[in-house]
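Owing to the predicted nature of the structure, the values given are computational and were not obtained by experimental measurement.
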There are 2 protein chains.
Amino acid sequence: MSKRGGADDKALALAKGKRIRGAEDVLRKVQALATQLKNSKEVEKTLTELNLPYNCREVVDKDGNDVMAEIEAAMYSVASTILEGEGFTFDVPSRAKGNQMYVPELDRIVLRDAVSKRPFASTATCRKAAVTTRILGLVHELLGKNIHVTKRDLFYTDVKLFEDQSQSDSILDDLACMLGCTRSSLNVVASEKGVVVGRLSFREDGDFIDCQRMGVGGKAIPPNIDKVTDISSDASFILLVEKDAAFMRLAEDRFYNTYPCIILTAKGQPDVATRLFLKKLKSTLKIPVLALVDSDPYGLKILSVYMKGSMNMSYDSSNLTTPDIKWLGVRPSDLDRFDIPQQCRLPMTEEDIKTGKRLLEEDWIKSNPEWVRELELMLSSKVKAEIQALSSFGFQYLSQVYLPLKLQEGDWI
Amino acid sequence: MSKRGGADDKALALAKGKRIRGAEDVLRKVQALATQLKNSKEVEKTLTELNLPYNCREVVDKDGNDVMAEIEAAMYSVASTILEGEGFTFDVPSRAKGNQMYVPELDRIVLRDAVSKRPFASTATCRKAAVTTRILGLVHELLGKNIHVTKRDLFYTDVKLFEDQSQSDSILDDLACMLGCTRSSLNVVASEKGVVVGRLSFREDGDFIDCQRMGVGGKAIPPNIDKVTDISSDASFILLVEKDAAFMRLAEDRFYNTYPCIILTAKGQPDVATRLFLKKLKSTLKIPVLALVDSDPYGLKILSVYMKGSMNMSYDSSNLTTPDIKWLGVRPSDLDRFDIPQQCRLPMTEEDIKTGKRLLEEDWIKSNPEWVRELELMLSSKVKAEIQALSSFGFQYLSQVYLPLKLQEGDWI
């Protein structure tokens, strides 16, 4: 690949007569967007600023010592109610569906403030109170030693009590709400799945990581986000890629050398570690996030997890979600615009169409007319396409023509 | 964690009265094994040396230019038979099950030498001949540009002709056999899944990678093994871990600082890239590979893929398999030896028992009486256990007690 975004003749011929200019020109629009983001007075709204007519509960990342102090305070308060003869009980925020809601101003799902009692002296909650106490103790130990474990590890420390992993998992989430901190602040982490490459450097547990020198395989995104510090980058944007294959193509072509960017993928359904990492990059660097996903309802579902979060972890949506992601491609309208051959377009299944229709009814889609238009086009044409469909024009069409053209034209929505 | 393998008091008390000595002592047995491996006059046997009464076909890693030359030669030969009036036909090695066999001397599955004709002028093979020609051309292009793509990318370059990805995939394997080279030599790679950390450095596409400075997340194992060069290490052994959670524990505890080793995992079922990487490490460094898998039939299945390879890619078993892997743990006999609590032992399912019985009949298991004994113990006790069951003694029991004790006692089979 030539250094300044030049594509080979065949690829150029396929750019539909449009000339891909030098990298500086190509980058002009995305840099304008970045500047706009950086200068934006509009800081991300917080729950407290909104003055909603009801209270919501949100958790924040907390330092290990602070969480330990919270745990100790919780236990002191339990001890004093016992001493006062009022029994042993925890106040646990409700994470039930009825206590969750989508807040349009924040553009994400949050948890309302209903709280339920979890008394030890009740047959209904006695076990839960015991498990809560045990997990409080285990988490306190983890924080004291400053080590991280998975939910599975936690479960195995007391199988006799927990019985089933879903029980310890669920109480772990209760605990995060109760202590007002993220699950990662409890030092219980998800396993890692994502990789990152490009114009980014950071420290991970003290080690200096330069993602520009990570070969073609990239750097595995760490499971414990709190060990990531000193993030630094000269990238103009973050390219969020749905799949491994496209990531590999861009990494091997060192796309980020010509067009300064950070490329990351969770290899399909996004895991918590990748979502936390993306959010941290976005809020630290304040550069645009452009998404490259398959042109099908599943691609949009994936975007929705990055942008809106999942119901189950709504209490932590502020750390897990990156609301302002631009849909770069592959969009349903690209199929005709880029003359994707008919053979590379796949018929949508019944299930696809059902999912697509359900998406059309969601608030966050409805709030963006351009997204609605694309989704309607997909549903009316009943065809979908993978990112790899672009390979029909040559293996490097993605990195040498499609993406540069998209950037040059500022073609994101 | 203290720097010289010392465990905390609770963990020590759980070492069943056995004292974990200093790291030098702990490492003595594995280092002896490493020395034995390095001094071994017994070089890995090759097919040609065996003088088998029948011919077998094996592929080797080839340089891009060599593969291009092979492709050109194949096309010249086709051109000359056409000019001689003998028509257009390819000689394609058969990859059918009947042409595969397990060779005990090599301890892996290989392909015999049956070849079938693939003439263009036959309704039965006309399409296949066309697809073969097209893929030869595409691979030639990949090699000329020195870029790598996935099987999916390859499929999308000519969906009209290939119709279905299984068709292009299958002919790609044919081609590797035909040209006598590995599939990676064709620059078509699998997507990556594995991660590595520890006392290892190498160059990847020119970038210097130090796996000792990869934080806790580790380095993603690259999809294209031919870009990995200059492998260097002062490790005494390679620790092959089945799962992510155990990998994370060892990476965070920087287990490799105390006990010089390379830790890698494919996060479950091993992918081609991880298998190639392990084989390359083993044959370059000549150090022992110790495996840490779940104590269940699935754990053994995973070991079998690393050690024996899969039927489908038997033509490339010499590059994909690492025959001499020691089973360190978690072994069925460990459950009692280490007093794993009853609650952490899970009953085997019907399916587990069936798989276990099938394994007992396989040649590679039968050839190792100690493995047979362990498997028989598992099947008679009808219980299985995950690596994480060790967490019941404390989160760092794995890194501070279990593994050091195992190493100290040379307890692998």
query = Once you round to the nearest 0.5 Å, how far does OG1 of B:Thr150 lie from CZ of A:Arg249?
reply = 9.0 Å
message = For residues 199-212 of chain A, give me every residue with a non-hydrogen atom less than 4.5 Å from any non-hydrogen atom of chain B.
response = A:Glu204, A:Asp205, A:Asp207, A:Phe208, A:Ile209, A:Gln212
request  = For each of A:Asn146, A:Val195, A:Ile147, A:Leu142, tally heavy-atom pairs with chain B at distances under 4.5 Å, and name the one with the top tally.
outcome  = A:Ile147
key: For B:Gly217 against A:Pro223, the heavy-atom pair lying closest together   = CA-CD, 4.0 Å
ask   = Which one of B:Ala273, B:Cys344, B:Pro341, B:Ala246 has the most heavy-atom pairs closer than 4.5 Å to chain A?
value = B:Cys344
query = Where do B:Phe395 and A:Lys145 land on the side-chain contact (heavy atoms from CB on, under 4.5 Å) test, with the steps shown first?
reply = CA-CA 10 Å; B:Phe395 297 115; A:Lys145 291 187 174 166; 5.9 Å; no
inquiry  = Which atoms of A:Leu398 are under 4.5 Å from chain B, going by heavy atoms: the side chain, the backbone, both sets, or neither?
reply    = neither
message = Rounded to the nearest 0.5 Å, what separates atom NZ in B:Lys151 from atom CD in A:Gln388?
response = 13.0 Å
request  = Go through the steps for B:Lys193 and A:Lys193 under the test side-chain contact (heavy atoms from CB on, under 4.5 Å), then give the verdict.
outcome  = CA-CA 8 Å; B:Lys193 221 175 57 138; A:Lys193 223 174 54 137; over 6 Å; no
inquiry  = At a 4.5 Å cut-off on heavy atoms, which part of B:Val149 comes close to chain A: side chain, backbone, both, or neither?
reply    = both
ask   = Within the distance-only criterion (no hydrogens, no angle test), does the side chain of A:Lys219 pair as donor or acceptor with the backbone N or O of B:Ala220 below 3.5 angstrom?
value = no
request  = With the side chain counted from C-beta on, respond yes when A:Gln342 and B:Lys160 share a heavy-atom pair under 4.5 Å apart, and no when they do not.
outcome  = no
task = Would you check if A:Phe393 and B:Thr157 make a side-chain contact, meaning some heavy-atom pair closer than 4.5 Å?
result = no
key: CZ-OG distance between B:Phe155 and A:Ser392, expressed to the nearest 0.5 angstrom   = 10.5 Å
A:Ser391 and B:Asp153, any side-chain heavy atoms less than 4.5 Å apart = yes
request  = Counting only heavy atoms closer than 4.5 Å, note whether A:Leu154 contacts chain B via side chain, backbone, both or neither.
outcome  = both
task = Check for a donor-acceptor pair, side chain of B:Lys227 on one end and backbone N or O of A:Val216 on the other, with a separation under 3.5 Å.
result = no
request  = Go through the atoms of A:Arg213 and report whether side chain, backbone, both or neither lie under 4.5 Å from a heavy atom of chain B.
outcome  = both
query = Side chain, backbone, both or neither: which part of B:Leu138 has an atom under 4.5 Å from a heavy atom of chain A?
reply = both
message = If you count heavy-atom pairs within less than 4.5 Å of chain B, which of A:Ala251, A:Ala389, A:Pro222 leads?
response = A:Ala389
note = Rounded to the nearest 0.5 angstrom, the NE2-CG distance for A:His148 and B:Asp253 is 11.5 Å
ask   = Where does B:Val228 contact chain A at under 4.5 Å (heavy atoms): side chain, backbone, both or neither?
value = neither
ask   = What pairs with B:Leu346 under side-chain contact (heavy atoms from CB on, under 4.5 Å), at least two apart in sequence or on another chain?
value = A:Tyr156, B:Lys384, B:Glu386
ask   = Looking only at side chains, do A:Asp158 and B:Gln343 share a donor and an acceptor under 3.5 Å apart?
value = no
